[in-house]
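Following: one structure in structure tokens, then a few remarks.
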2 protein chains.
Amino acid sequence: MTPDRLDTIFSALADPTRRAILARLSLGTTSVTELAQPFDMSGPAITKHLKVLERAGLVIRSREAQWRPCSLDAKPLKEATDWLERYRQFWESSFDRLEDYLHEVQNNGEQDG
Amino acid sequence: MTPDRLDTIFSALADPTRRAILARLSLGTTSVTELAQPFDMSGPAITKHLKVLERAGLVIRSREAQWRPCSLDAKPLKEATDWLERYRQFWESSFDRLEDYLHEVQNNGEQDG
DNA sequence: GGTGTATTAAACTCACAAGTTAAATAACCA
DNA sequence: TGGTTATTTAACTTGTGAGTTTAATACACC
């Protein structure tokens, strides 16, 4: 079963190191070594994270001498956002009242989950 | 290392079965059995998916006789969206030109990643 | 109290994700 | 050619996620 694009995107985002890498890349293109700098982690580990981001389409690599600069490509984030938008009404509108009600019901039934 | 809230939310979303469950729940509260209906998957598998969604705060359970109805709580989706919003400029604005340029550079350096 | 239905728990398998270290590749510099 | 830096590959360990089957629990109905 080949994974859905959203699977790949969301699971790429489900890691704090990778989100930090994206945050750094939002400031501009940079090298693997500089990306690795803030993390207490080996080089190969960063390479693997970059591969995950690349497979999700979130990072583009180029070549410059012995460096392979990384750049952000945010398009897949739009796909993620588009999916999430369908639920906006559920956190914005009065649908929240349903949820409050359900919290009550739940607390009657049991103390903790 | 305890996982970040965004870790938990994004990884809950990184599975097609769980996204389908959320889609179903956006139509209204329902039982585990009915949630399991569309999937070629055992009951316990669905229970586990529900636990993942519950831990992410996306699903709230209540009790009604021998049923444990599930309801959507979309608040964590707002957290996810808020994080993504910081990148909106990168897919909306002329930043895309950078990306087009990089595609060219990349295709000069190598054929495929 | 026993039976049927809904759901979860336990125990297990299998695959894969995330990290490691050591070695290989690639490109520059002398 | 050899040395240095940047990055990746290979091989491995460890943990965990997703699924299974079988058995237990919880509740309704009679």
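Keep in mind that this is a model prediction, so the values were computed, not measured. Values reported hereafter were calculated over all heavy atoms of this structure, with side chains retained and with hydrogens, waters and symmetry mates removed. Proteins get letters first, then strands, A, B, ... in listed order; numbering begins at 1 in each.
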* **Proximal nucleotide (of D:dT7, C:dT20, D:dT20) relative to the A:P44 side chain** => C:dT20
* **Between P of D:dT7 and CZ of A:F39, the distance in whole Å** => 15 Å
* Closest nucleotide among D:dT8, C:dA18, C:dT20 to the A:R18 side chain -> C:dA18
* **Heavy-atom pair with the smallest gap, counting every atom of A:P38 and A:E34** => CD-O, 3.7 Å
* Asked: Which nucleotide sits closest to the side chain of B:K48: C:dA11, C:dA18, C:dT8?
  -> C:dA11
* Mind calculating the distance between CG (A:L50) and C1' (C:dA18) to the nearest angstrom? => 14 Å
* Asked: Contact class for A:A45 vs. all strands (heavy atom < 4.0 Å): base, sugar-phosphate, or nothing?
  -> base
* Rounded to the nearest angstrom, tell me the gap between atom CZ in A:R61 and atom P in D:dT7. => 8 Å
* Asked: A:D15 has an atom CG; how far is it from atom C1' of D:dG15, in whole Å?
  -> 14 Å
* State which of D:dT7, D:dA28, C:dT20 makes the closest approach to the side chain of B:Q66. => D:dA28
* Does OP1 or OP2 of C:dA17 have a side-chain N or O of A:K51 closer than 4.0 Å? -> no
* **Heavy-atom pair with the smallest gap, counting every atom of A:A80 and A:I9** => CB-CG2, 4.2 Å
* For atom CH2 of A:W67 and atom C1' of C:dC28, their distance in whole Å -> 8 Å
* **B:H49, nearest nucleotide to its side chain (from D:dG19, C:dA9, D:dT8)** => D:dG19
* Structure fact -> B:T17 and B:D15 have their tightest heavy-atom pair at N-OD1, 2.8 Å
* Asked: Between B:T30 and A:E64, who's closer to the 5' end of DNA chain C by nearest nucleotide?
  -> B:T30
* To do: Assign A:T17 to base, sugar-phosphate, or nothing according to its heavy-atom contacts below 4.0 angstrom with the strands shown.
  => nothing
* For atom CG of A:D7 and atom C1' of C:dA17, their distance in whole Å -> 15 Å
* Interatomic distance where CZ belongs to A:R68 and P belongs to D:dT5 [whole Å] -> 18 Å
* Decide, yes or no, whether a salt bridge links A:K78 with B:E92 under the criterion of side-chain N to carboxylate O below 4.0 Å. => no
* Asked: Is the closest basic N to carboxylate O distance between A:R88 and A:E85 below 4.0 Å?
  -> yes
* **Nearest-neighbour nucleotide for the B:M41 side chain, D:dT21, D:dT7, D:dG19 considered** => D:dG19
* Are any of B:S42's side-chain N or O atoms less than 4.0 Å away from OP1 or OP2 of D:dT20? -> yes
* Would you mind telling me which of D:dT7, C:dA10, C:dA27 lies closest to the side-chain atoms of A:T47? => D:dT7
* **N/O donor-acceptor pair under 3.5 Å between A:R68 side chain and A:S62 backbone** => no
* To do: Under 4.0 Å between any heavy atoms, over every strand shown, what does A:S11 touch: base, sugar-phosphate, or nothing? Just pick one.
  => nothing
* Rounded interatomic separation in angstrom, taking CD1 from B:I46 and P from D:dA18 -> 12 Å
